[in-house]
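The structure under discussion appears below in the form of structure tokens.
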There are 2 protein chains.
Amino acid sequence: MMESFKINDKSFACPVDLTLNTIMGKWKPVILNNLMDGKKRYGELQKLLPNVTDRVLTKQLRELETDGIVTRKVYPVVPPKVEYSITDRGRTIKPILDAMCDWGSKFKVD
Amino acid sequence: MMESFKINDKSFACPVDLTLNTIMGKWKPVILNNLMDGKKRYGELQKLLPNVTDRVLTKQLRELETDGIVTRKVYPVVPPKVEYSITDRGRTIKPILDAMCDWGSKFKVD
DNA sequence: TTATATACTAACTAAAAGGATAGTATGTAG
DNA sequence: CTACATACTATCCTTTTAGTTAGTATATAA
């Protein structure tokens with residue numbers, strides 16, 4: 001049988017593919033970088049990422065949640081209050097983000 | 001003025017975005033991993049990646065070439081012979097691929 | 001009673017990425 | 001003269017991803 005890599009029911013033949021699939025998404029790296037500094041409410045994330053729409057922000061957060069990278073904590077209050085934080089698994093992604101940051105930084109201009 | 005990161009005329013506000021944009025593409029990581037072992041002819045890559053079509057393989061190779069990650073050497077013979085190899089810049093991506101490989105490997109199942 | 005704040009959801013559109021299939025160019029071997 | 005090998009290119013289609021705009025729920029404050 002062929003070896004495979006699984007994260008919440010999605011299967012990949014190659015570990016790199018699994019990783020890319022998990023942390024890709026136009027806004028996921030920024031979201032993660034922000035959450036590395038501590039938990040954030042939905043509205044805070046909105047302000048930190050002014051160019052992402054609600055629909056997309058929510059979607060990326062849900063995917064990260066499904067993959068066990070972030071947790072979503074809902075407070076039963078009105079108006080609603082929801083906090084997002086990074087999980088332990090999520091923290092293990094940091095070396096990758098750092099490596100990507102280092103590589104990309106070599107292309108800085110003025 | 002805002003800082004930015006540029007790779008062949010594409011601008012990014014964040015180094016991670018530049019990196020993702022450069023190495024993303026469904027087949028780029030595999031292509032790169034294969035080229036790390038040494039140059040390959042087009043037909044060899046085709047055999048190594050049996051699930052990618054010509055159109056897409058060519059496209060990914062061209063993008064990698066444009067970004068200075070691989071070089072394309074054409075021999076003026078018939079039938080054609082073209083060799084792809086990784087550049088020095090391309091080799092610097094290895095730590096990222098390795099980090100992604102390590103992370104994804106934690107999700108291995110039987 | 002009305003407005004407010006917050007975190008969404010719905011319906012739709014647009015753009016990007018990837019895939020399928022078929023075809024092209026041409027020196028050389030037979 | 002014909003077939004062959006190789007590395008593509010051209011069309012068209014499907015899927016995936018992202019973006020736009022508008023709307024919802026509801027305890028509380030005024």
Side-chain angles (χ1 to χ4, degrees), chain A residues 7 9-14 16-18 20-31 34-35 39-67 70-85, chain B residues 7 9-14 16-32 34-35 39-67 70-85:
Chain A
I7 189 167
D9 291 334
K10 286 170 294 182
S11 264
F12 300 89
C14 155
V16 177
D17 285 345
L18 180 148
L20 280 174
N21 206 281
T22 305
I23 64 169
M24 278 309 306
K26 192 157 165 192
W27 306 97
K28 286 183 187 175
V30 220
I31 292 171
N34 278 294
L35 292 183
K39 62 188 170 197
K40 299 273 181 304
R41 291 186 60 176
Y42 181 85
E44 296 182 276
L45 287 172
Q46 261 185 121
K47 268 156 222 146
L48 289 163
L49 290 75
N51 295 318
V52 65
T53 61
D54 280 333
R55 182 189 173 286
V56 175
L57 178 55
T58 303
K59 203 157 160 276
Q60 309 252 309
L61 285 168
R62 288 290 146 73
E63 289 172 11
L64 289 170
E65 194 193 358
T66 306
D67 288 341
V70 309
T71 43
R72 177 168 177 269
K73 180 165 183 190
V74 181
Y75 293 84
V77 296
V78 169
K81 174 175 176 180
V82 178
E83 274 175 0
Y84 290 92
S85 26
Chain B
I7 189 166
D9 291 334
K10 287 171 293 186
S11 264
F12 300 89
C14 156
V16 177
D17 285 346
L18 180 149
T19 303
L20 280 173
N21 205 282
T22 306
I23 64 170
M24 277 309 305
K26 191 157 167 193
W27 308 97
K28 286 183 187 176
V30 219
I31 292 172
L32 292 179
N34 278 295
L35 292 184
K39 62 188 172 198
K40 298 274 182 304
R41 291 187 58 175
Y42 181 85
E44 295 182 276
L45 288 172
Q46 259 185 124
K47 269 158 223 144
L48 290 163
L49 289 76
N51 295 318
V52 66
T53 60
D54 281 330
R55 181 189 172 285
V56 174
L57 178 55
T58 304
K59 203 156 160 278
Q60 308 253 310
L61 286 168
R62 287 291 144 73
E63 289 172 11
L64 289 169
E65 195 194 357
T66 305
D67 288 339
V70 309
T71 43
R72 177 167 177 268
K73 179 165 183 189
V74 182
Y75 293 83
V77 295
V78 169
K81 173 174 177 180
V82 178
E83 275 175 0
Y84 290 91
S85 27

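Sequence lines set the chain letters: A, B, ... in the order given, protein chains first and strands last, and positions in each chain run from 1. Please read all numbers here as calculations on a predicted model, not as lab measurements.
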So if I take residues 54-62 of chain A and measure heavy-atom distances to DNA chain C, which residues fall below 4.0 Å? A:Asp54, A:Arg55, A:Thr58, A:Arg62
Minimum heavy-atom separation for B:Ile23 to B:Pro29, with atom names? O-CD, 3.7 Å
Pull out every residue in residues 74-81 of chain B that has a heavy atom closer than 4.0 Å to any atom of DNA chain C, ordered by number, or say none. B:Val78
Among residues 16-32 of chain B, which ones have heavy-atom contacts with DNA chain D below 4.0 Å? none
Polar atoms only, N or O, under 3.5 Å: list the protein pairs with nucleotides 14-16 of chain D and their distances.
none

Could you tell me from which nucleotide to which nucleotide of DNA chain C, 5' to 3', there is an atom under 4.0 Å from chain B heavy atoms? C:dG18 to C:dG27
Any idea which heavy atoms bring A:Glu44 and A:Lys39 closest together, and the distance? OE1-O, 4.4 Å
What's the shortest heavy-atom distance between B:Leu64 and B:Thr22, and which atoms? CD2-O, 4.1 Å
Exercise: identify the closest heavy-atom pair between A:Lys26 and B:Asp17: O-OD1, 4.3 Å
Counting only heavy atoms not in B:Lys10, do more than 12 fall under 6.0 Å of its NZ? yes
Apply side-chain contact (heavy atoms from CB on, under 4.5 Å) to the pair B:Tyr84 and B:Ile31, showing each step before the final yes or no. CA-CA 10 Å; B:Tyr84 290 91; B:Ile31 292 172; over 6 Å; no
Under 3.5 Å, is there a donor-acceptor pair between the side chain of A:Glu83 and the main chain of A:Lys73? no
DNA chain D contacts made by residues 39-50 of chain B, counting heavy atoms under 4.0 Å: B:Arg41, B:Tyr42, B:Gly43
